[in-house]
Asks: 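Quick one: structure below, then a few questions.
By convention in this document, chain letters (A, B, ...) are assigned in the order of the sequence lines, proteins followed by strands, and residues within each chain are numbered from 1.
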Number of protein chains: 2
Amino acid sequence: MARGSTRPTSRDVAQAAGVSQAAVSLVLGDKWRGRVSEPTAQRVRDAALELGYRPNLAARNLRLGRTRTVLLVVPALTTEFFAEVYTGAARVAAAHGFGVVLYPSPEGVGPARDPFASAQAALDGVIASSMAADALSAIRGDQLPLVMLDSDPEGSLGAATVNLDIADGIHQVADHLLALGHRSFLHLAADIPSWTFEVRARELASRLADVPGTELRTIGAPISIEGALRATEAALAAPGPRPTALVCDDDKLAAGAYKAIRRAGLRVPDDLSVTGLDDLGLATAIDPELTTVRLDAEAFGERGMHALLAVLEGRPPEKGDLPVSLVVRGSTAPPQ
Amino acid sequence: MARGSTRPTSRDVAQAAGVSQAAVSLVLGDKWRGRVSEPTAQRVRDAALELGYRPNLAARNLRLGRTRTVLLVVPALTTEFFAEVYTGAARVAAAHGFGVVLYPSPEGVGPARDPFASAQAALDGVIASSMAADALSAIRGDQLPLVMLDSDPEGSLGAATVNLDIADGIHQVADHLLALGHRSFLHLAADIPSWTFEVRARELASRLADVPGTELRTIGAPISIEGALRATEAALAAPGPRPTALVCDDDKLAAGAYKAIRRAGLRVPDDLSVTGLDDLGLATAIDPELTTVRLDAEAFGERGMHALLAVLEGRPPEKGDLPVSLVVRGSTAPPQ
DNA sequence: TCCAGCAAGTGTTACGTATAACTCCTGTCG
DNA sequence: CGACAGGAGTTATACGTAACACTTGCTGGA
């Protein structure tokens, strides 16, 4: 608490305005129509302003048994993707009188340990990315209303899920590369266990399986430029015919792959076409600009918050995946 | 709160263990040495585990008058810089039993409006980046202990400040470019009003003023790849001799400048040397890799949290700026 | 023998708020 | 003229926790 004097309470305001504490609560809680006269209400408001009164949230939360605060559990914020998810969620939340507290999994890769020890705030609900899924047990233990982002709709133990249509995105990537004439593919996969990445692998393999004469190899890498660089370098140094198309699980991996390709003395897209997924700012910062799948992160966050509000009010959350779209840029071309 | 049954309280645990609520509080609060016998304490712990008891934080906060939670106010998390600041701050906080709640200024550029309406958590203190300085008035109004990051040590109204030695970083950049033989400079400045950017402009100008025959022009841009691209394009299209060195306020601006330079048919570093500041992952994702100033964001966050803890305990915070270092890569070379 | 001192607890209270239940007063209608 | 409806408040209480002050039984020293 502040040094020196203590913060004014509703009782202090009441005394200053010459009314009871209950009247202050009524007026400031906007529930005074027909209970307090207008002049008195004004006196209370003036006194509150004068004293710089701020309600004690701990007391209010205790009294009401709810906090109007929700937790957003995300992997580390090393790209703007989850920052935008937060923006969308926070906007919707604010419109409904809720606040959003962010819990970024500390090291980016490892799962969140105990979001409730760290985010000391008491919570009404949780929105969690499947990339931080290990927090799930603690959350379920608390019986908190839960919405999962990009998570297996079947395996989420009844929690509501909000998903991007990643499968469709991967299909579009595959179709685009196939149409260009590519037949030999390398998949640079994120080596984080998460449903969203499983979908990429499954859908890519399934789409290519429909086309006779295609080849698909897969390598894993941690989601970082360094990690992708090393994995791609190793793959390019491997014996055998070089693939002509490199499908990356996200834009950051693609940026790392670019570096490996340059170091190997090859060029994008002449020697190797590359695709990403996310459409971060990074996608247009690298040269050539990256063909990638655009995800609407803000809409994702909005939808997540809407779903959580629905759960909190006992309504069924909206169904259906969020659409994504392929953005074709300079990193893909027909094989030589 | 959870649907169905209500959460167990310390009184429920007491009843299950056959002791008083006070005993439960003592045992679980780890203050029972010499007050409760070991067997009884164990019974209480078992009962708590059995019932899945979690203390009600609102009640605890109300009782104790503090929350062991601090707020970190940052500009939007569109780069990993503030994500790392958070990581550092959260690590130190956790070691002292504190939690950190993040308040990212919604739109990235605009200042935070009311961090306390959104971050509903009750707070013991605040760490704020100077880039979100408009929140200051609300914070001061609440008399909350405050630490400012990268803020004017003189003008911060007595709040503790923790700064990176940006001035030294800019000096190193200037000296490096001068040593290479550059005399005609362009400064791509972030057009956000913030002390940290004022320092860059001031120190660059002052260093160049020491060397006769140097020229310095400045252009402003919003901190985004698009913004930097447009500003740099305009500058390159301007009449008069082209500068040979482009000093950017941060790496993101440098990435945008790269694009403008490519579009103008020029090359880095042959036609134009470019420098950044931050040493984000982006710095090595672009080609050629960027000469930039490395900031230790995690150490920055740690230092910020240490300073806040010091303020909370009435100790004087550690003085002195955090060192930075120039990282020379491929984007700088002697002028042709 | 008696009291001090300690272990092992229990009873009670306060934190600041929101609200249900109550009181008092004034004007109006049957 | 009496009763009653509503306006304008007030009083009292509970939310769950932490901690202060107290009790009880026992042991050991004078």
Asks: So, is B:S25 near the phosphate of D:dT17, with a side-chain N or O under 4.0 Å from OP1 or OP2?
Replies: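 So the side-chain polar atoms of B:S25 never come under 4.0 Å of the phosphate oxygens OP1 or OP2 of D:dT17.
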Asks: How long is the line joining CG of B:L64 and C1' of D:dA19, in whole Å?
Replies: 10 Å
Asks: Taking atom types as modelled, is there a side-chain donor on B:D150 or B:S130 under 3.5 Å from an acceptor on the other?
Replies: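 Short answer, no.
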Asks: Taking all non-hydrogen atoms of both residues into account, name the closest pair between B:L72 and B:L149 and its distance.
Replies: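 Shortest heavy-atom separation between B:L72 and B:L149 comes out as CD1-CD1, 4.5 Å.
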Asks: Any carboxylate oxygen within less than 4.0 angstrom of a Lys/Arg side-chain nitrogen, looking at B:R45 and B:E38?
Replies: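 Yes.
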Asks: Taking CD in B:Q15 as the centre, count heavy atoms belonging to other residues, nucleotides or ligands within less than 6.0 Å. Is the count above 12?
Replies: no
Asks: What is the distance, rounded to the nearest whole Å, between atom CG of B:N56 and atom P of C:dT17?
Replies: 17 Å
Asks: Strictly under 3.5 Å: I want the nitrogen or oxygen pairs between protein and nucleotides 4-12 of chain C, one per line.
Replies:
| residue | atom | partner | partner atom | Å |
| --- | --- | --- | --- | --- |
| C:dG9 | OP2 | B:S37 | N | 3.1 |
| C:dG9 | OP2 | B:S37 | OG | 2.5 |
| C:dG9 | OP2 | B:T40 | OG1 | 2.8 |
| C:dG9 | N7 | B:R35 | NH1 | 3.3 |
| C:dG9 | O6 | B:R35 | NH1 | 3.0 |
| C:dT10 | OP2 | B:S20 | N | 2.9 |
| C:dT10 | OP2 | B:S20 | OG | 2.7 |

Asks: Atom CD of A:Q15 to atom C1' of C:dT17: distance rounded to whole Å?
Replies: 17 Å
Asks: Give the rounded distance in Å between these two atoms: CH2 of B:W32 and P of D:dT17.
Replies: 20 Å
Asks: Suppose we screen for side chain to side chain contact (heavy atoms under 4.5 Å, CB included). Which residues come up paired with A:A83, at least two apart in sequence or across chains?
Replies: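 Once residues adjacent in sequence are excluded, the partners of A:A83 under the side chain to side chain contact (heavy atoms under 4.5 Å, CB included) criterion are B:L77.
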Asks: Below 3.5 Å, can you tabulate the donor-acceptor pairs from side chains in residues 26-34 of chain A to any protein atom, sequence neighbours excluded?
Replies:
| residue | atom | partner | partner atom | Å |
| --- | --- | --- | --- | --- |
| A:R33 | NH2 | A:D30 | O | 2.3 |

Asks: Starting at atom CZ of B:R54, determine the distance to atom C1' of D:dT17, rounded to an integer number of angstrom.
Replies: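 From B:R54 CZ to D:dT17 C1': 17 Å.
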Asks: Roughly, in whole Å, what's the span from CG in A:L57 to C1' in C:dC15?
Replies: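 Value for this atom pair: 14 Å.
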Asks: I need the CG-P distance between A:D30 and C:dT19, as an integer number of Å.
Replies: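 To the nearest whole Å, that distance equals 12 Å.
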Asks: Provide, to the nearest angstrom, the distance between the CG atom belonging to A:L62 and the C1' atom belonging to D:dC15.
Replies: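 Rounding to the nearest Å, CG of A:L62 and C1' of D:dC15 are 4 Å apart.
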